[in-house]
Amino acid sequence: MSRQLRVAIVGAGPAGIYAADILTKSDADVTVDLIERDPTPFGLIRYGVAPDHPRIKEIIKALKRVMSNDAIRFFGNVAYGDDLKLEQLRTFYDAVVFATGARRDRDLDIPGIDLHGSYGAADFVYWYDGHPDVSREWDFQPHAESVAVLGVGNVGLDIARILAKTADELLVTEIPDNVHEGLRKNAAKDVHVFARRGPAQVKFTPMELRELSHSPNIDVIVHPEGFEFDEGSMDAIRASKSQKLVVDVLTKYLATEPSGADHRIHIHFCQNPVEILGEDGKVVGLRTEVTELDGTGNVRGTGEFQDWPVQAVYRAIGYYSDQLSGLPFDTHAGVVPNDGGHVLEIDGSPLPGAYVTGWIKRGPIGLIGHTKSDANQTVTMLLEDFEAGRLEAPEQPDREAFDRHLDSLGLHYTTWEGWEKLDEHELGLGESHEHQRERVKVVPREDMVRIARG
Ligand code: NAP
């Protein structure tokens, strides 16, 4: 193909940036525009990774190197669906890759889920990570000394750790001032994490589980129920080195005497949450059904129920993607139907020029690095379609045509240079802070846009 390939990627998180990287490293003459709803790039690295995980945030350095390529541009504060639709994008680009991830909580359909004091993990994460679109205040209840976290994935661990740490422990991180102030009102002393299956079925990763005990203010207390491993559990431990390590760490916690720390994280196995108990509209407890391992890696209910006096419940049972304008959606799996790259219509035929990568493609599982192989698969398909002449050429292929279109819509979009200004501003706020912090995030969207647009 002699013409230049023009690609729009919707979503500038790791999935979108990896796809841009792979495209621009290919043999094709290609330019890429990343279109992002947030005024900033990096998606869940900025607004999903917990603030006390600076190691994961280091990935940003590699993503910045990708973005320094002149063939890649960034347009932030532009919402696909509201500001732009697929038909419009197709007039400027040969192909559109959707890398919009998963931003909200999967529903949990149990009685009491709407009580005051019952929260979704994604909402709490957005709050402590300073996302511009959520309230600045978190509704910590002064009496909520015992809280429950449902789900034993890494998000559950993040939530439990942030709730159990003191606000001042988190002051070394990049949390905004309103979050530090908010966390001071958190009364939680006992954080109870509930797994509906056994220790060999948890979704934690070993390093994240080990680090739970690194705070001197927290005792990790693993409760013994569920440690009688059945054949399904033994299979899971034999099949995965990581799962074995996780079980080893849990077993070590089980054998450790609490040190008498002020805060405790309890991990309970074989407890399936069935109801959130309320009084006067507020959470006063959690009811679980005790389960037993059934030999296959699953569990069955025993008919025995337990009530736990907790004053708040956080569900961390997985994320769910937003449906995207103009694209089909599989509501059960929470993904855009696809064949490993192309978006597929309900009848199974490909939607021309539309591709997916990352969590919107395969569901909200896997670590950030996994999105690289995903992007590779999608980009390979896209390039094959281009080479084979299967992509319709856009009506307005010149690069500036898209900028002119955004201007004509009156959108206050941010650019990569704008992000660099905001980045510098946030680092400056950290440096001049009374506690000398690495960064302090700016939260209100209008402030971010104003600083980025200089
Ligand atoms: P996840 O790993 O899929 O864990 C979800 C948990 O919720 C599982 O324990 C699951 O139990 C449980 N669950 C689901 N439905 C439930 C129900 N109805 N009742 C009770 N429990 C239920 O999801 P995640 O924690 O949201 O993490 C998403 C991805 O991001 C993962 O790949 C994770 O590793 C990654 N992540 C990584 C980090 C990090 O620090 N490295 C931090 C955050 C997230 P079952 O297994 O029984 O279904």
Side-chain angles (χ1 to χ4, degrees), residues 13-15 43-59 101-113 118 120-126 128-129 148-162 192-212 214 226 232-233 236 240 242-243 246 250 267-276 286-294 296-301 313-321 332-334 358-360 362-371 374:
L44 275 186
I45 302 192
R46 185 174 163 101
Y47 292 124
V49 171
D52 57 348
H53 270 171
R55 186 181 47 80
I56 302 179
K57 289 186 187 274
E58 284 288 292
I59 297 173
R103 298 167 69 111
R104 61 190 173 90
D105 292 291
R106 182 171 274 283
D107 289 338
L108 178 60
D109 188 16
I110 58 173
I113 198 73
S118 159
D123 293 336
F124 187 50
V125 171
Y126 264 14
Y128 67 58
D129 271 343
V149 176
L150 313 183
V152 282
N154 282 331
V155 172
L157 277 189
D158 283 348
I159 302 294
R161 210 177 56 250
I162 298 291
H192 296 268
V193 182
F194 292 94
R196 59 181 173 178
R197 298 192 283 158
Q201 286 82 34
V202 299
K203 302 270 177 63
F204 304 145
T205 41
M207 196 175 359
E208 280 65 24
L209 181 60
R210 261 191 225 110
E211 135 203 296
L212 261 201
H214 291 179
S233 300
S240 155
S242 164
Q243 205 64 34
V246 165
L250 288 169
I267 305 180
H268 306 272
F269 295 102
C270 294
Q271 299 283 352
N272 186 31
V274 292
E275 182 174 355
I276 300 175
L286 174 74
R287 180 163 298 159
T288 57
E289 180 176 14
V290 179
T291 62
E292 60 189 13
L293 292 157
D294 71 358
T296 70
N298 270 319
V299 284
R300 57 182 159 244
V313 176
Y314 291 75
R315 66 180 188 284
I317 61 158
Y319 282 95
Y320 192 80
S321 293
H332 178 68
W359 280 3
I360 189 71
R362 64 187 155 83
I365 40 167
L367 303 177
I368 292 166
H370 295 145
T371 50
D374 217 10

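Just follow the structure's listing: the first ligand is 1, and inside any ligand the first atom is 1. Since the structure is predicted, the reported quantities are computational estimates derived from the model, not experimental observations. Along the sequence shown, residues carry numbers from 1.
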How long is the straight-line distance from NE2 of H214 back to CG of L212, given to the nearest 0.5 Å?
9.0 Å
Does N272 reach the main-chain N or O of R196 with its side chain, forming a donor-acceptor pair under 3.5 Å?
no
Could you please provide the protein residues found below 4.0 Å of ligand 1 on a heavy-atom basis, arranged by chain and number?
H53, I56, L108, G151, V152, G153, N154, V155, D158, R196, R197, K203, E208, P273, A316, I317, G318, Y319, W359, P364, I365, G366, L367
Sequence neighbours left out, what passes side-chain contact (heavy atoms from CB on, under 4.5 Å) with D107? Give chain and number order.
none
State whether the side chain of S321 and the backbone N or O of G101 hold a donor-acceptor pair below 3.5 Å, judged by distance alone.
yes
Presence of salt bridge, R55 and E208, under 4.0 angstrom
yes
Parallel, tilted or perpendicular: which fits the ring planes of W359 and Y319, with parallel below 30° and perpendicular above 60°?
tilted
